[in-house]
Amino acid sequence: MRFRVEPGLYAAGSPTQESPVLVSANYKMSFDRLRSQLGGLDAWILVLDTKGVNVWCAAGKGTFGTEEIAKRVDVVGLGEVVSHRRLVVPQLGAPGVSAHEVARRSGFSVVFGPVRAEDIPAFVSAGMKATPQMRRVQFPFRERVVLIPLELVTGAKHALFLAACFLVLAGLGPGIYSLHRAGTEGVQSAALLLAAFAVGAVLTPVLLPWLPGRAFSAKGAWLGLILVLSLSAFAWAHPGTFENPASTGAWLLLIPAVVSYVAMNFTGASTYTSLSGVRREMRVAVPVQAACAVIGTGLWLAGRFF
Amino acid sequence: MTRLRYLPNVVTLILDSEKCTGCGVCTEVCPHGVLVIESQKARIADRDACMECGACALNCITEAISVRSGVGCATAVLNGMLRGSEPTCDCSADATCCE
């Protein structure tokens with residue numbers, strides 16, 4: 001599927017040669033969001049070729065950048081369309097856009113607009129001035145929960161593969177391969193892994209500010225421990241749920257490792273993690289997760305034979 | 001709401017006050033209010049809020065700010081390790097991540 005807009009110059013309302021020029025990405029959602037938030041403002045929209053990626057991510061890669069702005073201004077002949085020499089660039093484009101370089105190369109000065117498109121009318125009517133609030137990026141509940149479907153879809157492939165491996169391997173044991181064991185313990189194992197994945201993908205975004213620790217892997221490990229405790233409580237109330245001591249021990253390691261890993265990968269979707277910070281947390285978290293996964297899987301496999 | 005904070009004392013942001021002219025562009029582009037202007041100079045007011053996006057450094061005309069910029073994404077770091085390259089967000093045009 002492609003969600004792209006053709007790069008170029010678009011009119012919103014009935015812009016004149018004095019109307020502001022708003023720069024946007026050619027990701028359809030960015031463009032549509034911008035248009036829908038203008039509230040009757042007449043403006044030009046200069047759509048850059050960001051390969052269908054949103055402003056912030058494209059700015060990080062440099063596709064929403066100085067070079068592309070200078071080129072696009074030239075290609076559409078913006079100097080002929082408007083009488084002023086000013087571009088409103090969304091603030092989140094700034095990691096890719098050097099305002100003074102754009103001015104040098106295109107003759108257009110850059111004004112950084114607000115983070116959110118909804119603030120543009122207020123920004124323009126205030127004489128292109130943003131309040132400090134308009135310049136801040138938050139990560140509120142609403143913005144976190146809309147990411148859940150994406151987290152589930154992007155992780156599902158790996159989670160299902162892992163679950164399928166455990167399902168098949170569960171048939172191993174003394175004697176010949178047992179379809180019965182695969183159908184009982186295998187299904188249970190696959191379900192536990194998928195549950196761990198789902199807990200990480202859904203509850204990390206939902207509970208992010210309230211989970212202990214700052215490292216996402218730590219937040220995930222706590223979630224995993226809560227899941228383990230819940231399962232233990234369930235097993236205690238329903239004796240016989242986990243008959244095999246070795247594989248029970250395995251889950252104590254495997255579940256927190258999986259949830260921690262899934263939560264750690266939510267750093268990329270968040271709006272406040274730095275690369276240095278992510279590297280630091282991974283230096284600790286990845287070896288611990290790997291050790292838990294290896295020992296846990298070893299125990300689980302050993303459990304096939306007892 | 002509870003303010004979200006990431007790991008402390010880790011970011012690579014450096015400000016050279018000698019070179020700073022106090023123009024204030026860095027305070028405009030920063031999405032986390034890391035920099036403030038005081039007595040006609042920029043000052044790092046909230047270093048740990050920095051996400052190393054690099055917007056301030058790129059927009060500093062006197063090159064008073066430096067930061068090793070990148071995307072704080074574990075998946076990208078893992079991708080980079082697997083390919084033996086710098087962290088790479090695998091957000092090709094058709095991928096759903098980052099959109």
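Residue numbers start from 1 in every chain, and the chains themselves are labelled A, B, ... in the order their sequence lines are given, proteins ahead of strands.
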Hey, what do you get for [atom1] ([X]) to [atom2] ([Y]), rounding to the nearest 0.5 Å?
X	Y	atom1	atom2	value
A/Phe266	B/Thr75	CZ	OG1	11.0 Å
A/Glu101	B/Ile61	CD	CD1	8.5 Å
B/Cys30	A/Arg136	SG	CZ	7.5 Å
B/Leu58	A/Thr66	CG	OG1	5.5 Å
B/Leu4	A/Phe139	CG	CZ	7.5 Å
A/Arg214	B/Arg5	CZ	CZ	6.0 Å

Is the closest side-chain heavy-atom distance between [X] and [Y] below 4.5 Å?
X	Y	value
B/Leu7	A/Thr273	no
B/Val29	A/Arg135	no
A/Leu275	B/Pro87	yes

Donor-acceptor pair, distance only, cut-off 3.5 Å: does the side chain of [X] make one with the backbone of [Y]?
X	Y	answer
B/His32	A/Thr271	yes
B/Glu52	A/Ser276	yes
A/Ser274	B/Gly72	no
B/Asn59	A/His100	no

In terms of heavy-atom proximity below 4.5 Å to chain B, should [X] be classed as side chain, backbone, both, or neither?
X	answer
A/Leu92	side chain
A/Glu281	both
A/Ala215	both
A/Val97	backbone
A/Met264	both

Residue pair B/Pro31 / A/Trp56: nearest heavy atoms and the distance that separates them: CG-CZ2, 4.4 Å
Verdict with supporting geometry, A/Val278 and B/Val71, side chain to side chain contact (heavy atoms under 4.5 Å, CB included): CA-CA 9 Å; A/Val278 168; B/Val71 179; over 6 Å; no
Within 6.0 Å of [atom1] in [X], more than 12 heavy atoms from elsewhere:
X	atom1	result
A/Glu118	CD	yes
A/Arg86	CZ	no
A/Lys129	NZ	no
A/Gln133	CD	no

B/Glu28/A/Gln91 under side chain to side chain contact (heavy atoms under 4.5 Å, CB included): CA gap, chis, key distance, verdict: CA-CA 8 Å; B/Glu28 266 182 35; A/Gln91 187 193 327; over 6 Å; no
Per-residue contact mode, B/Cys53 against chain A (heavy atom under 4.5 angstrom): both
Best-contacting candidate, B/Val25, B/Thr12, B/Leu78, against chain A by heavy atom pairs under 4.5 angstrom: B/Leu78
Chain B interface, residue from A/Leu147, A/Val286, A/Val137, A/Val89 that has the most non-hydrogen pairs under 4.5 Å: A/Val137
